[in-house]
Amino acid sequence: MNHPHSPIQEDKELLDAYSNSVISVVEKVGPSVVQILTNKNTGQPMQGQGIGSGVIITPDGFILTNNHVVHNAQSLEVSLTTGASFPAEIVGTDPATDLALIRILANGLSYAELGDSEKVRVGQLVIAIGNPYGFQSTVSTGVVSALQRSMRSTEGKLIENVIQTSVPLNPGNSGGPLVDSRGKIIGINTAIIAMAQGLGLAVSSNTATWVVSELISVGRVRRAVLGIVAKTASLPVQVQKIYKLKLPTIVEIISVQKGSPAAHAQLEKGDLIIAVNGKSIAGVDDLNREIGLKKAGTEFTLRILRNYRLKDITVTSLAN
């Protein structure tokens, strides 16, 4: 007989606690995770069919998923874990974050709540739930391995605030929720990186909350724009030393759109942007990171070099 406090007994108790935590979350969130079948226009004589997952976020049928799951879809069919199926309509998509919002005409549905991804910590237990088969949820568990990661969308743009986990994903689970031990959604799983084996990536719930509010209210995501065309450029070593700049590259403005916020702020072609709101930037990706994922109307202070003189310029952005 094992002693009540033997290592074997303690391991069993820990395993039971872990299992019970996962089971309770799956029982709570699982019914809100759906299968999404898409009939897609592939450009070929035969149309293709895609399968992905999604999560119901309101009792009246709003469903959050990945943009790449519904991209080019001619029709959508959503299957619940109960076996019921519904046609779905696209409310709006946001390729820049690989998120999409669709809706089915139903009420009183099981739904999951979006949590606060700012509270997520490295090492935290997370559970990825998908529904590639339409009748029962698939479950994978792991831990958060990194926060504030970036990845490229299918458009080639950077998606920010990505959560990296040790939970491996397959394409059928893409669009399903990543949840914490309380059953709150902290991310939307995405499997757009074909070679990303052995890890999971999820767009943060805080990003998703903003995107959902924009898609419901106006059907698209309005982002801050300055009205410039720019490129990443190298900074001469002597200039970097003179101004004690941390980074060897900067953003060079190629053109300024007439009537744009940049034009009103008197930015000019040839200006070199070295910082946004006091944060040094090394290129166009950094500029997009600091500006492109902010709301329209946000005010930015740009530190620039013009004719080798430092200058701070304040720009109030408009919506794209």
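- In this structure, the side chains of Val229 and Ile253 stay at 4.5 Å or more apart for every pair of heavy atoms.
- No more than 12 heavy atoms of other residues, nucleotides or ligands lie within 6.0 Å of CD in Gln266, so this atom counts as exposed by the packing criterion.
- The line from CG of Asp16 to OG of Ser21 is 12.5 Å long, rounded to the nearest 0.5 Å.
- Between Gln257 and Ile228 there is no side-chain heavy-atom pair separated by less than 4.5 Å.
- Rounding to the nearest 0.5 angstrom, the gap separating the NZ atom in Lys28 from the OG atom in Ser24 is 8.5 Å.
- One distance of note links OG of Ser32 with CG of Leu64; it measures 11.0 Å at 0.5 Å rounding.
- With Asp116 contributing its side chain and Glu118 its backbone, the two residues share a donor-acceptor pair below 3.5 Å.
- Leu245 has its side chain within reach of Ile274: a pair of non-hydrogen atoms, C-beta onward, lies under 4.5 Å apart.
- When the side chains of ILVMFWY residues are joined at heavy-atom separations under 4.5 Å, either directly or via intervening members, Val143 and Leu147 end up in two distinct hydrophobic clusters.
- In this structure a side-chain-to-backbone donor-acceptor pair under 3.5 Å is missing from Lys246 to Gln240.
- Atom CZ of Phe86 is surrounded by more than 12 heavy atoms from other residues, nucleotides or ligands within 6.0 Å.
- Using a distance-only test at 3.5 Å, with no hydrogens or angles considered, a donor-acceptor pair links the side chain of Ser317 to the main chain of Gly297.
- Put simply, the side chain of Asp180 gets close to the backbone of Arg182: a donor and an acceptor are under 3.5 Å apart.
- Atom CG of Asp312 has more than 12 heavy atoms from other residues, nucleotides or ligands within 6.0 Å.
- A continuous path of hydrophobic side-chain contacts links Val69 to Ile104 [ILVMFWY only; heavy atoms under 4.5 Å].
- Note: Ile163 CD1 to Ser204 OG = 6.0 Å, rounded to the nearest 0.5 Å.
- Contact of the Leu99 side chain with the Asn67 side chain is not registered, since no non-hydrogen atoms from C-beta on lie closer than 4.5 Å.
- When all heavy atoms of Leu226 and Pro261 are compared, the closest pair comes out as O-CD, 3.4 Å.
- Judged purely by distance below 3.5 Å, without hydrogens or angles, the side chains of Ser174 and His68 pair a donor atom with an acceptor atom.
- Counting heavy atoms from C-beta on, the side chains of Asn206 and Asn161 never come closer than 4.5 Å.
- Across all non-hydrogen atoms, the minimal contact from Ile313 to Ala265 is CG2-O, 3.4 Å.
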query = Can you list the steps and then say if Ile250 with Ile273 is a side-chain contact (heavy atoms from CB on, under 4.5 Å)?
reply = CA-CA 6 Å; Ile250 38 76; Ile273 305 174; over 6 Å; no
query = Under the side-chain contact (heavy atoms from CB on, under 4.5 Å) criterion, do Val221 and Trp210 qualify, and how do the steps go?
reply = CA-CA 9 Å; Val221 178; Trp210 170 49; 3.8 Å; yes
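- Between the side chain of Ser79 and the backbone N or O of Ser85 there is no donor-acceptor pair closer than 3.5 Å.
- The two residues Ala112 and Val29 have their closest heavy-atom pair at CB-CG1, 4.1 Å.
- Residue pairs meeting the salt bridge (Lys or Arg N to Asp or Glu O under 4.0 Å) criterion with at least one member in residues 260-270, sequence neighbours excluded, are Glu268-Arg306.
- Through side-chain heavy atoms spaced under 4.5 Å, either directly or across other Ile, Leu, Val, Met, Phe, Trp or Tyr residues, Val284 is tied to no other residue.
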Report all side-chain donor-acceptor pairs from residues 52-63 shorter than 3.5 Å, counting only partners two or more places apart or in another chain.
unit_1 : atom_1 : unit_2 : atom_2 : d
Ser53  : OG     : Asn131 : N      : 2.8
Ser53  : OG     : Gly172 : O      : 2.8
Thr58  : OG1    : Asp60  : OD1    : 2.6
Thr58  : OG1    : Phe62  : N      : 3.1
Asp60  : OD2    : Arg103 : NH2    : 3.0

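- At distances below 3.5 Å, not a single donor-acceptor pair connects side-chain atoms of Thr190 with backbone N or O atoms of Leu201.
- Counting heavy atoms from C-beta outward, Val70 and Thr93 have side chains that approach closer than 4.5 Å.
- To the nearest 0.5 Å, the span separating CG on Leu247 from CD1 on Ile281 amounts to 9.0 Å.
- Remark: side-chain polar atoms of Ser205 are paired, donor with acceptor, to backbone N or O of Ser117 under 3.5 angstrom.
- For the atom pair OG1 of Thr249 and CG of Asp286, the computed distance is 7.5 Å after rounding to the nearest 0.5 Å.
- The existence of a salt bridge linking Arg223 and Asp94 is confirmed by a sub-4.0 Å separation between a basic side-chain nitrogen and an acidic carboxylate oxygen.
- Of all heavy-atom pairs between Ala230 and Val251, the closest is CB-CG1, 3.4 Å.
- A 4.5 Å side-chain heavy-atom check between Val179 and Val126 finds every atom pair outside the cut-off.
- A distance-only check finds a donor-acceptor pair linking the side chain of Gln124 to the backbone of Arg121 [under 3.5 Å].
- The two residues Val33 and Ser137 make their nearest non-hydrogen contact at CB-OG, 4.3 Å.
- The two residues Ile127 and Val22 make their nearest non-hydrogen contact at CD1-CA, 4.0 Å.
- Remark: the Asn189 side chain and the Asn173 side chain contain no N/O donor-acceptor pair separated by less than 3.5 Å.
- Hydrophobic clustering, with ILVMFWY side chains joined whenever heavy atoms are under 4.5 angstrom apart, groups Tyr18 together with Val25.
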Test log, rule salt bridge (charged side-chain N to carboxylate O under 4.0 Å, His left out), inputs Arg220 and Glu214 = CA-CA 6 Å; Arg220 66 184 183 90; Glu214 287 285 287; over 6 Å; no
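- The closest donor-acceptor contact from the side chain of Asp271 to the backbone of Leu267 lies at 3.5 Å or more, if one exists at all.
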inquiry  = Evaluate Leu76 against Leu37 for side-chain contact (heavy atoms from CB on, under 4.5 Å), listing each step before the verdict.
reply    = CA-CA 6 Å; Leu76 298 174; Leu37 281 175; over 6 Å; no
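- Under a hydrophobic-cluster definition in which Ile, Leu, Val, Met, Phe, Trp and Tyr are linked whenever side-chain heavy atoms come within less than 4.5 Å, directly or via other members, Tyr111 and Val212 are assigned to different clusters.
- One hydrophobic cluster, built from ILVMFWY side chains closer than 4.5 Å, holds both Leu215 and Leu114.
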query = Step by step, would you call Phe300 with Thr298 a side-chain contact (heavy atoms from CB on, under 4.5 Å)?
reply = CA-CA 7 Å; Phe300 300 95; Thr298 301; 3.6 Å; yes
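- In this structure, the side chains of Arg303 and Leu310 come closer than 4.5 Å at one or more pairs of heavy atoms.
- Looking at Thr207, its side chain never comes within 3.5 Å of a backbone N or O of Val203 through a donor-acceptor pair.
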